[in-house]
Amino acid sequence: MEALVIVLVASLFALAVVPSKHAPPAGYPTLDEVALPLDDAYIFLRFAQQIARGNGLEWSDGVGSSGATSLALLPLLLPGQLSSELSTQVVWSRWVGWATLVLLGLATLALLRALRLPEPMPLLGSFAVLLSGPVGWGAIAGMESALNAAAIFLACTLWTRIVDPSEPVARRLFWTALVTGLLPLARPENLLLSGLGFVAVMTLRSFRGRRGLAVLTLLPGALLGLLNLAVTGNPRPAGALAKSITEFAYLDPATIWAIYDLNLGEKLLPAYLGLRGALLWPPVGWIALGLAVAAPLLILRQRERFRCLAVVAIVWWLLLLAAPLSAMVEWQNMRHHHAGLALAWILTIAAVSLALEAVRSRLGGPKHLRWLLGLMPALLLLALPGWRTEYRLEVEHLLLRHGPAAEWLATHAAGEELLLNDAGYLAVRHDGPMIDAIGLGTPALARPYRHGPGATVESLARLDRRPAVAAVNLDVFHLGPILGQRLGPEPPRESDTLVA
């Protein structure tokens, strides 16, 4: 029954957020009316398209790439490739997002119960996470947000049972180590969590098989690195090379630290302080920060009841401190930190539950006081129209940004070698030989991209395949000096794709 209710809540979110149709830009009636709002979602579709054709991890034919952020999401998208219609693939991507959102709701329910919250708080808490906004919006937009958060929640659930003295360790440790090891398949930075799991397993000195299981926590991540090495010649994913602040060229440690501090202090923490609107409604961030500080400290005072909460707090701290390593912290509603935002809701729900129980035990009161937690998801329903508006506007922006160029390329440059610096929508529409100037699809350009336009131009000149035509956004990357005659329609706005 609870699973059915979670399905209904996830369905409510999806139906409330996704418009039934989108109006094509004026003058371009043939553009897709059914579309995803983020260009990166089409990068996933492009990789799924190539895998379905038997080409493996390739963005452009014959060029291996690990530019898909989440390898775990790609197999889920493959059934949509049974149709050659892009609109059908888009609809299937939304269905996958809805399914991962349901999975997140079930994982939230399991985690809150593992934290021993009294009923009905786990169910109400799962509603709050599903309706919280960014993670659900990202899932329905075609991204890995809910899938990644669900995987981390499942790992946290298993670890709470390991640290609970009343649970048998040996029976659960294998599955705990396995799930922890598989986390990098959801997002590569989860390798940090796998490393944390390795350390945790090695501390279980009373368990004889701990060394083998500790290796299990690192094995999938190591295999992922070997896969990247085989595909691209570099063990690190192309996405990490293109988007991490540690890959900026010629920066000394002090400068990298200054960028990290800027990302943490001026971009990430304001979201937790409630200064970024719907990303994390106040006072959720404040409460999460408070409990994340308190839970580990209370363990030091021999408060065993907080051991399970400390697991969640430590994982959240690691995600929080790793997030500023991204060069795009605020990008796509903080997509790179969606799991951290979802965990903040878990900490807040636990803190509110503990507070209500403390009030009831000291001052007395009925048990139905717990239902006050239901105010959280009820209030979150008020924000759904705002998320729907953002979904619609982002779709319209994407179609206006890339649509005219895609129409012109289909008519005049089919099969030509195409240079791009937005590797999603245009890549799926062109479906031919391509070069990605940022490096997600063409890993040989990932590092030159971080070195600047000069290095990119030089590296392009050294490629065996030279682009014949370019469809680029000059606000994404400054490629203007190497472009020749402008082709096709004039871009509606300066920020839109031009063809040259």
Side-chain angles (χ1 to χ4, degrees), residues 69-70 104 107-108 111 114-115 129 134-135 144-145 147-160 162-163 176-177 179-203 214 217-218 220-221 224 236-237 239-240 243-246 256-257 260-261 263-265 267-269 271-272 280 284-285 287-300 306-329 334-348 350-351:
T69 307
S70 174
L104 175 60
T108 303
L111 178 55
L115 295 177
V129 170
V135 66
E144 79 289 350
S145 302
L147 179 64
N148 180 49
I152 292 175
F153 282 19
L154 176 59
C156 287
T157 301
L158 293 171
W159 275 107
T160 59
I162 297 298
V163 301
T176 304
V179 171
T180 304
L182 292 173
L183 288 178
L185 298 181
R187 279 193 65 89
E189 65 267 26
N190 289 344
L191 186 61
L192 294 172
L193 299 179
S194 297
L196 179 64
F198 173 85
V199 173
V201 171
M202 289 302 293
T203 61
T217 62
L218 299 181
L224 180 60
R236 285 173 291 180
K243 298 177 183 178
S244 171
I245 66 172
T246 60
I256 292 176
W257 170 255
Y260 178 93
D261 184 58
N263 285 342
L264 180 65
K267 297 180 180 180
L268 194 62
L269 288 182
Y272 279 93
L280 202 61
V284 173
I287 297 173
L289 284 167
L291 186 57
V293 170
L297 294 178
L298 288 171
I299 288 180
L300 299 177
F306 284 91
R307 284 185 179 181
C308 296
L309 269 176
V311 170
V312 178
I314 291 170
V315 170
W316 176 80
W317 276 116
L318 192 58
L319 293 176
L320 178 72
L321 296 176
L325 293 173
S326 169
M328 303 175 175
V329 176
M334 287 192 172
R335 177 187 135 223
H336 295 174
H337 190 57
H338 278 174
L341 297 177
L343 273 179
W345 277 96
I346 295 292
L347 291 169
T348 298

Main-chain N/O of [Y] paired with [X] side-chain donor or acceptor, under 3.5 Å:
X	Y	answer
Thr180	Thr217	no
Asn263	Ser326	yes
Tyr260	Thr246	no

Reported [atom1]-to-[atom2] distance for the pair [X] and [Y], which is rounded to 0.5 angstrom:
X	Y	atom1	atom2	answer
Leu191	Leu196	CG	CG	11.5 Å
Cys156	Leu193	SG	CG	7.5 Å
Ile152	Thr157	CD1	OG1	12.0 Å
Thr176	Leu158	OG1	CG	4.0 Å
Leu318	Leu192	CG	CG	5.0 Å
Leu183	Leu154	CG	CG	8.5 Å

Return the minimal non-hydrogen interatomic distance between [X] and [Y], and the atom names on each side.
X	Y	value
Val135	His338	CA-ND1, 4.0 Å
Val179	Ala151	CG1-O, 4.3 Å
Ala350	Leu291	CB-CD2, 4.1 Å
Leu111	Ile346	CD2-CG2, 4.0 Å
His336	Glu189	O-OE2, 3.7 Å
Ile245	Ile256	CD1-O, 3.9 Å

Pairwise side-chain contact, [X] with [Y], heavy-atom cut-off 4.5 Å (strictly under):
X	Y	result
Arg307	Thr160	no
Ser194	Pro220	no
Trp317	Val293	yes
Leu320	Tyr272	yes
Val312	Phe153	no
His337	Leu319	yes
Leu269	Leu264	yes

Donor-acceptor side-chain pairing of Thr69 and Arg335 below 3.5 angstrom: yes

Pair Val129-Leu104, side-chain contact (heavy atoms from CB on, under 4.5 Å): steps then yes or no: CA-CA 8 Å; Val129 170; Leu104 175 60; 4.1 Å; yes

